[in-house]
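Below is one structure, written out as structure tokens; comments come after it.
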Amino acid sequence: MIVQTALLIGMVLFSVLAIFLKDLIRAAISLAVASLLLGIIFFRMGASYAGVFEISVVAGLITVLFILTIALTNTGEEVRESRLANVVFPLFFAVFVVIDALVMKGLLQKIPALPSGPETGTFGEVLWKGRTLDLVGQIAVILAGVFSVLALFRKRDKHD
Amino acid sequence: MIILFVALPLIVAGVLPLIGKVSRRVVPDLLANAVLLFLLVYAVAVGRPLIGNGPALQKLTWLGETVNLRLALDGFSLLMLLAISLVGLCVTLFSIDYMEHYGAKANYYALLLIMIAGMNGLVLATDLFNLYIFLEVAAVASYSLVAFGLGQDELEAAFKYLLLSVVASAFILVSIAVIFGMTGSLSLPAVARALQDLKAGPVVGICAALFIMGFGLKAALVPFHAWLPDAHPSAPAPISAVLSGLLIKVSGVYALTRVFLNVFGLTPALSNVLMSLGTVSLVVAAFLALGQKDIKRMLAYSSISQVGYIVLGIGLGTPLGIAGGLFHLFNHALAKGLLFLTSGSIQQATGTRNLDEMGGLAKRMPFTAATNLIGSLSIAGVPPLNGFWSKLLIIMALIQAGHPVFALIAVLASVLTLWYYLLIQRKAFFGKLNERWAAVKEAPFWMTASTVLLASLCVGVGLFFSVTIKSWIQPAAGVLAEGVQAVIRSWGL
């Protein structure tokens, strides 16, 4: 319980750091640490596949892409932001924590225990047989991403 | 083969950029139009007979193994598919000439077809997570289509749209996760059945609130509308037509309606919330539209206002209200698609979207002026055009259900709508021709053809409204009026 709480607090802290740090590289690394901690929480809760994806894709691959992009585009200037965010965000965060502490425990007790539905099975069965339409959707999202990059980073040719 | 509605645009989108390397314009133009024409014919010729005896369900086998590719087509989904393919076809026709100067036409069509596949997948989904995934498919494609012009405005609008849309997706996803936690299932009939038996009122209430915020953001209902007046005008005109005519309705109104009427069940409290949100949207956005100088921005605010009418009608929950709301959804898709396309013709001819700089364009662009007038009068609710009948149905339903105040507000907002559409007519098309536009010519053939097609549909649906209502709107309204039983009983997958 203590380890779990420490992991959760760590995850929230690093997520907040990712928003507050002005240095983009540090922010990206904080986000990676937050997602690494989330991956560990997934492992500890028995969702090992979710943990593997969280750590390899979100903490690993996406951080590499972030850092690569920042390194390729960074001009060395600090990001200028509105000061309002420094006041508004902590305020929202504090309100959220208070509401969370007051409401969430009572609310969670009202959610009935998870019944074992028909959509269970091994990971492979669920992914390939149970959630096939999601895979079609995933292919569409990836295609949309690839074509977006092609379209938005296009060079205008002489005909255009 | 209901899956064709998703698979065909997706497969063609996958090969289009490769074909674009060989043929930059002609083949992509042909392919994109052929796909939409096929889907339209398929929806009309095959879709309607398919749902003759209740919803058509599809389970597919893949290499001999049964896979969970489950789709359901009922009256409500078919109406949406018809609207998507009809407006989609007019948009691809318009794009033949309009997108010439943007370049990368094959990529443009690929993204447009992915967006169409996403919307089709969403309306055929039988499961909450499928619904979410296809919502994202359409959204991801739409972000880059808004930014397609690559100007600073476009990029900024697309970024703002992306951020707010991601917030909406997060709300929707959290709600889906909680529902999965409660019911142990994601399939719509199973969730609907489980929610009937559960005694978890407060948690269901929170899920409903999250869905209202999420789908409300997608549908751009006031007060979740901040992104739309930036995103819709900045996109290329055909994309504005798809976004305002279809996307906000599919990923906002359709999803909201399907979840609340067919899965949660419409309670009086929920009905009041939806009607209040609808009324606030239709009034606030109508006033905001009045103050706009940018023609596309005015149309964007008008979309928020008209979505308000749709949600007001459907939120009322009576069979007549639902039919009115759905009819207005269909009519608004046609008319707003038409208006955004004509605004694209004006922008291409004059280079401006500022109404104050226009004037007398009817003399130079008679077809554009006439079709724009038809679209404007249709949305404003002038008889005998299609928009009149749908607004009339909504107002009659409100009076019948004992809500005269809501009915009065709807009538007054309709007058406001007519006012700002007449402003567009007066400033852009009538009056003295501005000297700057002396050399302006009518829009090219395909652009004019697509607007004339949409305008004819507005007139045709208005004149033959009873046929349209009987064959397309009633089956859709029937599904929604039946409530959760429509899904539990007929979708027993």
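Here is how names work: the chains are called A, B, and so on, in the same order as the sequence lines, proteins then strands, and each is numbered from 1.
The side-chain contact (heavy atoms from CB on, under 4.5 Å) with B/Val137 is formed by just one residue from the set A/Ile139, A/Val141, A/Ile142; it is A/Val141.
With a 4.5 angstrom heavy-atom cutoff, B/Ile114 touches chain A only via side-chain atoms. Proximity to chain A (any heavy atom under 4.5 Å) is shown, for B/Phe129, by both the backbone and the side chain. Heavy atoms of B/Leu155 lying under 4.5 Å from chain A are absent altogether. Both the backbone and the side chain of A/Val136 come within less than 4.5 Å of a heavy atom in chain B.
With a 6.0 Å radius and a threshold of 12 heavy atoms from other residues, nucleotides or ligands, B/Tyr132 has its OH atom above the threshold. Applying the 6.0 Å contact sphere to CZ of A/Arg26 captures no more than 12 heavy atoms from other residues, nucleotides or ligands. More than 12 heavy atoms of other residues, nucleotides or ligands shown are found within 6.0 angstrom of CZ on A/Phe43.
The minimum heavy-atom distance linking A/Ala144 with B/Val140 is given by the pair CB-CG1, 3.8 Å. Taking every heavy atom of both residues into account, A/Leu143 and B/Gly14 meet most closely at CD1-CA, 4.3 Å. Closest approach of A/Ala151 and B/Leu111 over heavy atoms only: CB-CD1, 4.0 Å. Across all their heavy atoms, A/Phe147 and B/Pro17 have their closest contact at CE2-CG, 3.3 Å. Residues B/Arg70 and A/Leu133 come closest through the heavy atom pair O-CD2, 3.8 Å.
The CZ atom of A/Arg154 sits 9.0 Å away from atom OH of B/Tyr102, with the distance rounded to the nearest 0.5 Å. From A/Ser148, atom OG reaches atom CG of B/Leu145 across 7.5 Å, with rounding to the nearest 0.5 Å.
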Notebook entry, point to check: Between A/Arg131 and B/Asn130, does a side-chain contact (heavy atoms from CB on, under 4.5 Å) hold up when you go through it step by step?
Noted result: CA-CA 8 Å; A/Arg131 312 295 315 168; B/Asn130 288 159; 3.6 Å; yes
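Along residues 115-123 of chain B, no residue comes nearer than 4.5 angstrom to chain A, judged on non-hydrogen atoms.
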